Amino acid sequence: MLSGKSAQYKELSQFRDLKDFNNHFEQWMIDIKGKFTKSELVALKRLVRFSASIQGVCYAKIQTIVAATHEFDGVGISRSTFKRMLTKAKEVGLLIVHHTFRNGKQSHSIYVFNKYHSISVQPEPPKGEQLNQQNESINLLKTSNILNKRNGRLSTDFVSNRVPKEFTQYVQSFYHDAQTVEELFRVVSIQTRYLTYYSENDRIELALDAFKQLVRNIKMGRKVKNIFGYFWGIVSQMLDKEYLELLANSA
C-alpha cells in the first residue's frame, strides 16, 4: 500500500461510526483483555484513541503513539511494549497491520481494527481431554444435510459462489456449514484485500495452507476458543513471514 493522505484510508474502516467502533472494541475486551499486560493495555487504549478520526483506523507513527502515552496516560510505554501489543492483537484477530511504502521504501504502518467476531463455536473439551485423533473431522459445529433447523445453519451445498470451490471442498471435510466456510475465507480476503500483487490462486493457496495449519494445531491438542480469531492469527503470521521474505529478496 502506498503512503499518502489520511483520507485514502477511510475505506479501510469497518464501522458505521465512532459509537459502533467503541461497542465492538468493548466486546473484544471482554474476551481478550486478560491476554495483555498493564503496559500493553496502555498501548492498546492509546492506539484506540488515535483511531477515532477514522473509526477503527490509525495512521499515526509508532513514535507518535508511544510519545502520547508519556504525555497523557501517566504510564509511559516503550516502543518494544507497543510492538508486543501489536503481535498479540494480530494473533487474536483484533487488528490488521498494513505496511505502506513511499518512493519504494517502507513508510509507517496503518492499523485497522476488526469487527468483533461474535460467532460462537462448540465449547472446548474438559481440562486434560484431547481431541480424538481417530476422528476424520473436527466436528466443532452441528451438521446437517441441507438446513439444521435447530441452529439455522445452511450446509456447505449453499456456500456463496464468492468462495473458491477448492477451499470449500477441502474445508467441508472438517466443518459442515456454509457460514463457517464463508467466514474463514473472508478472513483471507480481508487480509489480502490491498495486496495488489496477490492473484486469486495466491489467495486460495494461502487459505488452504492456513486452514491446514489450523487443523494441525487443533488435532495436536491446541485449545481454540474462537476459530475465526485463531485462524486470523495464522493468516497474519504467514503474511508477515512472506512480507519479510519479500524485503530480504529486494534488498
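Because the structure is a prediction, the values reported are computed rather than measured. The figures here come from the full heavy-atom set of this structure, side chains too, leaving out hydrogens, waters and symmetry mates.
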Applying side chain to side chain donor-acceptor pair (under 3.5 Å) to Q27 and not counting sequence neighbours gives none
By salt bridge (charged side-chain N to carboxylate O under 4.0 Å, His left out), E182 pairs with (sequence neighbours left out) none
Using atom types as modelled, flag every donor-acceptor pair under 3.5 Å from a side chain in residues 161-172 to any protein atom, sequence neighbours excluded.
residue : atom : partner : partner atom : Å
T168    : OG1  : P164    : O            : 3.4
Q172    : OE1  : T156    : OG1          : 3.0

Assess the side chains of Q14 and N114: does a donor N or O sit below 3.5 Å from an acceptor N or O? yes
Which atom pairs, one a donor and one an acceptor, fall under 3.5 Å between side chains of residues 202-209 and the rest of the protein, sequence neighbours left out?
residue : atom : partner : partner atom : Å
D202    : OD2  : S199    : N            : 3.1
D202    : OD2  : S199    : OG           : 3.1
R203    : NE   : T192    : OG1          : 2.7
R203    : NH2  : T192    : O            : 3.3

Listed partners of V48 passing side chain to side chain contact (heavy atoms under 4.5 Å, CB included), at least two apart: F21, F25, F113
Sequence neighbours excluded, which residues qualify as side chain to side chain donor-acceptor pair (under 3.5 Å) partners of S78? S80, T81
Residue list, side chain to side chain contact (heavy atoms under 4.5 Å, CB included) with K61, at least two apart or on another chain: Q63, T64, H108
Is the closest side-chain heavy-atom distance between V112 and L95 below 4.5 Å? no
Going by salt bridge (charged side-chain N to carboxylate O under 4.0 Å, His left out), name the residues that satisfy it together with K115, two or more places apart in sequence or in a different chain. none
Partners of Y198 by ring pair (Phe, Tyr, Trp, His ring centres under 6.0 Å), sequence neighbours excluded? none
Applying salt bridge (charged side-chain N to carboxylate O under 4.0 Å, His left out) to R79 and not counting sequence neighbours gives none
Those residues at least two apart in sequence (or on a different chain) that pass salt bridge (charged side-chain N to carboxylate O under 4.0 Å, His left out) with D31 are none
All side chain to side chain donor-acceptor pair (under 3.5 Å) counterparts of D240, not counting sequence neighbours: K90
